[in-house]
Asker: 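Starting off with a structure, shown below.
All heavy atoms count here, side chains included; hydrogens, waters and symmetry mates do not.
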Amino acid sequence: MGERLPEPHPLLQVTDLSIRIGSVGENLVDGVSLRMNAGETLCIVGESGCGKSLTALALMGLLPTPPLRLMSGRAEFGGQDLFSLSSQDLNHIRGGEMAMIFQEPMTSLNPALTIGEQIAESVRRHRGGTRTEALDRALEMLRRVRIPAPEKRLGEYPHQMSGGMRQRAMIAMALANDPRLLIADEPTTALDVTVQQQVLDLIRALQAETGAGLVLITHDLGVVAEMADQVAVMYAGRIVESGPVAAIFDDPQHPYTIGLMSSMPALGARSGRLVTIPGIVPPANAMPKGCRFAARCPFAMPDCAKAPPLADLGGGHRVACWNAPLEQAFPAMAVAG
Amino acid sequence: MSDPDIILEAIALERHFVTRKPMFGAPTVVRAVDGVDLRVRRGETFAIVGESGCGKSTLARLLLRLIDPSGGTIRYEGADLAALAPADLRAKRRDLQFIFQDPFSSLNPRMTVGALIEEPMRTHDIGTPADRPGRVAALLSRVGLMPDYANRYPHEFSGGQRQRIGIARALASGPKVLVGDEPVSALDVSIQAQVVNILEDLKAEFGLTLVIIAHDLAVIRHMADRVAVMYLGKIVEVATVDELFSTPRHPYTAALIAAIPVPQVGARSDARPVEGDPPNPINLPAGCRFQPRCAFAQDVCRAKEPSLQTLPGGRSVACHRAEVMSLTGIAETTDTRTKAAHRRFDLYRAARIAGASPQAAQGNPALPSQE
């Protein structure tokens with residue numbers, strides 16, 4: 001670990017990841033490609049069932065197979081393809097160079113071990129050393145995640161801590177082996193808003209300190225705007241729009257991204273009736289052919305029966321929509337609007 | 001005393017739970033709701049906001065006497081709900097309905113949707129057995145579901161659809177007050193927006209009074225007329241929604257507002273007016289309950305618990321230092337979207353209204369006309 005040379009390659013590059021479940025004929029995650037550089041934060045945003053958590057689990061090699069099946073894809077991290085590693089090599093990387101933070105720390109921490117033992121276990125597994133050294137490291141990590149009275153907390157069990165403290169302990173464990181890549185799946189969703197803010201601040205500060213890359217999975221566009229450098233918006237298993245965070249918020253192009261943003265109540269003056277996305281997400285066993293959003297899209301046209309490619313509009317802003325850029329496709333409506 | 005504008009009122013309302021009763025010594029008591037006064041006006045949307053464990057869900061249940069208070073009074077249209085005999089209370093429940101947070105556990109899985117929605121009509125002897133299916137069908141289409149869903153079971157529906165079923169059931173008895181405990185917080189953003197719109201439409205159509213319990217401040221900003229902020233069993237501030245968000249007077253309110261992640265790039269502020277976690281409701285701090293986390297706390301705050309004081313203009317706050325602090329909120333003029341993004345939203349809205357494309361008009365067969 002230790003020194004970090006400037007990397008000519010992206011830290012993580014995922015190409016054409018597809019995942020299926022059981023005998024269902026359509027991919028749950030379909031042709032997902034992602035690319036991120038060291039030190040960057042990539043936010044994957046979407047609603048339940050869009051495939052964002054499956055993507056994260058696949059990267060960590062935690063996909064339950066069966067019932068899920070990895071249909072295609074490569075995930076290059078540190079010059080290796082994560083999907084073709086032996087389980088031994090994967091165990092070496094996981095929790096070491098690459099670590100994960102889950103949504104619910106109560107179910108992802110071991111209730112029968114103290115916080116100190118759990119962190120020390122991970123440290124010894126990856127770095128060796130004595131139990132005392134590992135516990136010292138655990139203490140140092142609790143201090144770094146700003147847990148009050150860390151000496152006392154080291155000997156406590158997860159149930160003795162509040163949700164926010166548990167999530168900090170989880171972060172301490174994930175960062176104990178200086179990972180270069182941190183994958184966080186809805187890390188603050190279960191937390192109260194004031195505690196969420198503290199945990200996001202902490203993740204950001206530690207990331208700046210360690211230079212780790214962060215893949216942050218969330219459904220909250222507010223969290224995306226605060227944290228992301230790059231954003232990928234997922235709908236029904238596909239990336240529908242991606243690019244630098246400013247492009248996504250200031251120039252949203254995919255009708256799903258726009259619909260999602262307009263569904264959010266404004267924080268300033270009251271905005272009147274919310275403009276919603278009609279309908280519901282298609283169920284996994286009845287994915288539409290072509291563009292998967294077409295049935296809910298106010299701009300849909302006959303061409304949408306074919307799946308649109310994720311095309312670059314410039315500056316790394318990519319959109320999977322036949323109508324992008326929208327104003328050019330609907331000049332009359334743009335004027336009327 | 002009885003103001004005709006006030007439809008629902010809580011006076012010194014308390015609910016204490018005994019969590020542990022040792023053989024010797026004092027039992028452990030959680031004061032979930034600890035002396036709450038509030039007045040809900042006819043026809044308004046009144047929101048109660050707070051973080052987990054503040055007692056807001058207990059308060060919601062007390063307001064309809066789904067649980068019994070340990071002390072205090074609940075008045076609905078002047079009648080004391082806590083003193084009513086069971087039969088009289090049941091009759092009043094026709095006017096007072098509840099929407100639960102979890103659409104998965106609040107509908108009996110063994111009843112059809114039709115039977116679920118019909119049940120309140122049978123309980124309150126509304127209509128005749130012959131015309132109830134017609135009422136059920138009308139309620140279903142009113143919440144954006146197909147009338148023939150009446151023959152299906154709850155497990156066949158998504159979370160958003162189940163919440164619509166819960167709303168249709170709550171409306172079945174023709175209530176005057178709907179109390180919703182986090183009615184949209186289990187739903188995805190796009191579905192949440194659909195349900196928020198339905199609640200607002202129904203409120204206007206039936207002249208309902210809404211009491212909404214929520215932790216999501218953006219939803220409250222959108223829906224509420226007045227807001228009460230709760231912290232550890234007490235109300236710390238009550239104000240109109242515009243006043244509360246633009247000029248919070250309690251430091252906890254300001255902290256909640258500052259912690260909202262704003263969907264605007266570069267909007268993140270580094271101001272963090274609150275530290276730490278909410279304390280354990282079993283071991284309440286001395287003095288003001290918020291004082292250990294409060295950046296403005298002084299000796300008086302540690303010594304004496306502040307009471308909810310009405311300020312000139314009608315808003316109220318429970319803080320010793322409300323008069324001397326200056327707190328920031330989110331101005332009403334705040335716009336988190338750029339001009340370019342606004343143009344895109346206008347275009348989207350125009351397309352939604354036009355319903356231009358045949359594919360969109362068809363929509364998802366599982367859920368037809370939504371708006």
Asker: So A:Val275 and B:Tyr348, do their side chains get closer than 4.5 Å, heavy atoms only?
Answerer: yes
Asker: Can you tell me how far OG of A:Ser262 sits from CG of B:Asp346, rounded to the nearest 0.5 angstrom?
Answerer: 10.5 Å
Asker: Taking side chain as everything from C-beta outward and backbone as N, CA, C, O, which of these in B:Ile220 sits under 4.5 Å from a heavy atom of chain A? Side chain, backbone, both or neither.
Answerer: neither
Asker: Write out all pairs satisfying salt bridge (Lys or Arg N to Asp or Glu O under 4.0 Å) with one or both partners inside residues 250-259 of chain B, taking only residues at least two apart or from two chains.
Answerer: none
Asker: Counting heavy-atom pairs under 4.5 Å to chain A, which of B:Ile257, B:Thr334, B:Asp242 comes out on top?
Answerer: B:Thr334
Asker: Test B:Phe157 against A:Ile280 for side-chain contact (heavy atoms from CB on, under 4.5 Å), laying out the working first.
Answerer: CA-CA 11 Å; B:Phe157 297 93; A:Ile280 56 173; over 6 Å; no
Asker: Write down the atom of B:Ser52, the atom of A:Asp192, and the distance for their closest heavy-atom approach.
Answerer: OG-OD2, 2.5 Å
Asker: For A:Thr218, enumerate each residue passing the side chain to side chain donor-acceptor pair (under 3.5 Å) test, keeping only those at least two apart in sequence or located in another chain.
Answerer: none
Asker: Hey, does A:Glu327 have a side-chain heavy atom less than 4.5 Å from the side chain of B:Arg343?
Answerer: yes
Asker: Checking the side chain of B:Gln194 only, and the main-chain atoms of A:Gly279 only, is there a donor and an acceptor separated by less than 3.5 Å?
Answerer: yes
Asker: Any donor-acceptor pair under 3.5 Å linking the side-chain atoms of B:Ser190 with those of A:Glu47?
Answerer: yes
Asker: Using every non-hydrogen atom in the two residues, find where A:Leu267 and B:Arg221 come nearest and quote the distance to one decimal.
Answerer: O-NE, 3.3 Å
Asker: Given a strict heavy-atom distance threshold of 4.5 Å, which part of A:Val193 is in contact with chain B: side chain, backbone, both, or neither?
Answerer: both
Asker: Measure distances from B:Ala331 to the heavy atoms of chain A and classify the residue's part below 4.5 Å as side chain, backbone, both or neither.
Answerer: backbone
Asker: Quick one: closest heavy-atom pair of B:His222 and A:Pro265, and the distance?
Answerer: CB-CB, 3.5 Å
Asker: B:Asp201 versus chain A, heavy atoms under 4.5 Å apart: side chain, backbone, both or neither?
Answerer: side chain
Asker: Between B:Val196 and chain A, which part of the residue has a heavy atom less than 4.5 Å away: side chain, backbone, both or neither?
Answerer: side chain
Asker: What are the two closest non-hydrogen atoms of A:Glu226 and B:Val262, and how far apart are they?
Answerer: OE2-N, 3.9 Å
Asker: Kindly say whether A:Leu274 contributes a backbone atom to a donor-acceptor pair with the side chain of B:Asn197 at under 3.5 angstrom?
Answerer: yes
Asker: Is A:Ser263 close to B:Gln192 at the side-chain level, that is, under 4.5 Å between some pair of heavy atoms?
Answerer: no
Asker: What are the two closest non-hydrogen atoms of A:Val223 and B:Pro261, and how far apart are they?
Answerer: N-CB, 3.7 Å
Asker: Within residues 248-261 of chain A, which residues come under 4.5 Å of chain B, heavy atom to heavy atom?
Answerer: A:Phe249, A:Asp250, A:Asp251, A:Pro252, A:Gln253, A:Pro255, A:Ile258, A:Gly259, A:Leu260, A:Met261
Asker: Donor-acceptor pairs under 3.5 angstrom involving side-chain atoms of residues 314-323 of chain A: please list them, not counting sequence neighbours.
Answerer:
from, atom 1, to, atom 2, distance (Å)
A:His317, NE2, A:Glu241, OE2, 2.6
A:Trp322, NE1, A:Asp303, O, 3.3
A:Trp322, NE1, A:Lys306, O, 2.9
A:Asn323, ND2, A:Phe299, O, 3.0

Asker: What's the separation between atom CZ in A:Arg273 and atom CZ in B:Arg349, rounded to the nearest 0.5 Å?
Answerer: 11.5 Å
Asker: Would you please test B:Arg293 and A:Thr194 for side-chain contact (heavy atoms from CB on, under 4.5 Å) and show each step?
Answerer: CA-CA 11 Å; B:Arg293 299 175 77 195; A:Thr194 56; 3.3 Å; yes
Asker: Is it the case that B:Arg352 and A:Thr276 place a side-chain donor and acceptor less than 3.5 Å from each other?
Answerer: yes
Asker: For the candidates B:Gly53, B:Ala341, B:Gly159, B:Gly160, which exhibits the highest count of non-hydrogen atom pairs separated by less than 4.5 Å from chain A?
Answerer: B:Ala341
